[in-house]
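Labels below follow one simple rule: chain letters A, B, ... track the order of the sequence lines, proteins then strands, and each chain is numbered from 1. Just so you know, these numbers use all the heavy atoms, side chains as well, and skip hydrogens, waters and symmetry mates.
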Amino acid sequence: ILNVEQSPQSLHVQEGDSTNFTCSFPSSNFYALHWYRWETAKSPEALFVMTLNGDEKKKGRISATLNTKEGYSYLYIKGSQPEDSATYLCAFRGNDYKLSFGAGTTVTVRA
Amino acid sequence: DTEVTQTPKHLVMGMTNKKSLKCEQHMGHRAMYWYKQKAKKPPELMFVYSYEKLSINESVPSRFSPECPNSSLLNLHLHALQPEDSALYLCASSPSGKGSYNEQFFGPGTRLTVL
């Protein structure tokens, strides 16, 4: 079983504030790192697929960075809005091509 | 159509019942997946179908039986389940299985309760 850890488990953010959280994963046999956003009662939605060390991806106010040598990725939300409230999952894809998920970081944005 | 649909949304069953979960996609994806998620835990891979053939079974008990009748449909047949099998069951699809960075597209899940 691969160890994919996300921290913190949950966080509360004031509307307009920026925040970030971490996904750590094995630094060996790396193939790709996926980020998903999951709103309650909806389907997980793919945000990013990151493959290269030093990758930075951006989608609107959400961005992510990747460090495969030390085995971590950060997800940033700039100027949080209530619609950013969701659970953010990362998933490590190794050479066996299977996704191993973290337990997620649940973000609650207070108006 | 970029959706993965799952039915039913909720299912309550007894330990002697036989039921099925259904998953459908019309994106032309050739890989389909079943995951199980318990509360506050990561989704765990159960099965992978690639080009309608079972390619991965993560040592899942035989009371769970997957079926892929065609490239758009994926079923999970349930029989003689235990209360600890209560969980959210997620279906996903991707353009292909191995060898690419392709994203997996998820359905909203079926919330299963075993009494």
Side-chain angles (χ1 to χ4, degrees), chain A residues 1-11 21-26 29-53 55 57 59 64 66 68 73 86-106, chain B residues 1-10 23-27 29-51 54-60 87-111:
Chain A
I1 297 176
L2 292 175
N3 198 24
V4 180
E5 301 278 347
Q6 289 188 249
S7 64
Q9 184 177 354
S10 64
L11 59 90
F21 38 94
T22 310
C23 172
S24 62
F25 51 85
N29 298 321
F30 178 86
Y31 192 81
L33 193 282
H34 296 242
W35 279 102
Y36 287 86
R37 168 196 157 94
W38 195 2
E39 292 181 65
T40 303
K42 294 189 177 179
S43 306
E45 171 199 353
L47 286 174
F48 306 117
V49 181
M50 308 182 79
T51 57
L52 297 174
N53 185 43
D55 245 358
K57 300 265 185 176
K59 189 174 186 176
L66 179 68
T68 60
S73 176
T87 295
Y88 292 83
L89 290 172
C90 69
F92 169 86
R93 182 188 284 255
N95 291 340
D96 62 1
Y97 307 110
K98 295 188 286 190
L99 286 184
S100 296
F101 281 87
T105 293
T106 299
Chain B
D1 186 357
T2 58
E3 241 189 345
V4 177
T5 58
Q6 290 189 243
T7 54
K9 284 188 169 34
H10 301 274
C23 174
E24 193 165 2
Q25 57 86 16
H26 295 288
M27 295 178 277
H29 289 175
R30 303 312 301 270
M32 295 186 78
Y33 311 78
W34 281 115
Y35 289 86
K36 171 181 176 178
Q37 191 198 26
K38 304 278 276 184
K40 305 286 187 190
K41 300 286 188 183
E44 293 179 352
L45 183 65
M46 299 174 72
F47 302 104
V48 181
Y49 273 83
S50 182
Y51 292 86
L54 182 65
S55 64
I56 295 176
N57 176 343
E58 291 287 280
S59 303
V60 179
L88 181 71
Y89 289 83
L90 289 162
C91 173
S93 69
S94 66
S96 62
K98 293 187 176 183
S100 60
Y101 300 120
N102 55 130
E103 297 167 4
Q104 291 182 21
F105 290 73
F106 282 83
T110 293
R111 177 73 61 188

Could you tell me the separation between the [atom1] atom of [X] and the [atom2] atom of [Y], rounded to the nearest 0.5 Å?
X	Y	atom1	atom2	result
L99(A)	Y33(B)	CG	OH	7.0 Å
S43(A)	E3(B)	OG	CD	7.0 Å
W38(A)	L90(B)	CH2	CG	4.5 Å

Handout entry: chain B contact via Q9(A) - which portion, at a heavy-atom distance below 4.5 Å
Key =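 Side chain only.
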What are the two closest non-hydrogen atoms of [X] and [Y], and how far apart are they?
X	Y	value
K98(A)	E58(B)	NZ-OE2, 2.8 Å
G107(B)	P44(A)	O-CD, 3.6 Å
K40(B)	A103(A)	O-CB, 3.8 Å

Problem - Q104(B) backbone acceptor or donor facing Y36(A) side chain under 3.5 Å - result: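 Confirmed, Y36(A) side chain pairs with Q104(B) backbone.
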Exercise for the section: Measure distances from Q37(B) to the heavy atoms of chain A and classify the residue's part below 4.5 Å as side chain, backbone, both or neither. Expected result: side chain
Problem - Within-4.5 Å side-chain heavy-atom neighbours: L89(A) and F106(B) - result: no
Exercise for the section: Sort and list the pairs that fulfil salt bridge (Lys or Arg N to Asp or Glu O under 4.0 Å) and have at least one residue in residues 31-45 of chain A, not counting sequence neighbours. Expected result: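 Counting only pairs at least two positions apart or across chains, the salt bridge (Lys or Arg N to Asp or Glu O under 4.0 Å) contacts touching residues 31-45 of chain A are R37(A)-E39(A), R37(A)-E45(A), E39(A)-K42(A), E45(A)-K59(A).
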Completion exercise
K41(B) meets the salt bridge (Lys or Arg N to Asp or Glu O under 4.0 Å) criterion, sequence neighbours left out, with none
